[in-house]
Amino acid sequence: MPISQKKELDDIAIDRIIEMAWEDRTPFDAIKFQFGLAEADVKALMKKELKFSSYKLWRKRVENCKTKHIAKRNEGIDRFKCKLQRAISNNKISKR
């Protein structure tokens, strides 16, 4: 489903999605779980929001990153949430 047909995302949510997309250890499933955007939607958002050269760098990085796709991940990694993180509401890190 195109991004324009999904619920409108505010600037804070878009910034967080971009940040999560750039992180190597955050799989697309985590973005889908939290924001409801599939991998294709994230790619479309990144293409729309980033400069073209940045988008190309990101795509190259994602294609070579084994941790962005659950199927390519090491079997020992079975979660996408940091153990220090509370339930995925607003990505708040718990106090230590």
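Quick note: residue numbers are just sequence positions, from 1.
Contact detail for A21 and V42: the closest heavy-atom pair is CB-CG1, 4.0 Å. Heavy atoms only, all atoms of each residue included: M20 and T26 are closest at O-CB, 3.5 Å. Contact detail for Y55 and K43: the closest heavy-atom pair is CE1-O, 3.5 Å. The shortest non-hydrogen separation linking A13 to F35 is CB-CE2, 3.9 Å.
Although no hydrogens or angles enter the test, the distance criterion places no donor-acceptor pair under 3.5 Å between the side chain of W58 and the main chain of L50.
Taking 4.0 Å as the cut-off between side-chain N and carboxylate O, D41 and K32 do not count as a salt-bridged pair.
The line from CD of E23 to CD1 of I31 is 8.5 Å long, rounded to the nearest 0.5 Å. For the atom pair CZ (R61) and CG (D24), the distance works out to 4.0 Å, reported to the nearest 0.5 Å. Of the inter-residue distances, the one linking L9 atom CG with I17 atom CD1 reads 4.5 Å to the nearest 0.5 angstrom.
Residues forming a side-chain contact (heavy atoms from CB on, under 4.5 Å) with D11 (at least two apart in sequence, or on another chain): none. Residues passing the side chain to side chain donor-acceptor pair (under 3.5 Å) test with E49, sequence neighbours excluded: none. For K60, the side-chain contact (heavy atoms from CB on, under 4.5 Å) criterion is met by N64, not counting sequence neighbours.
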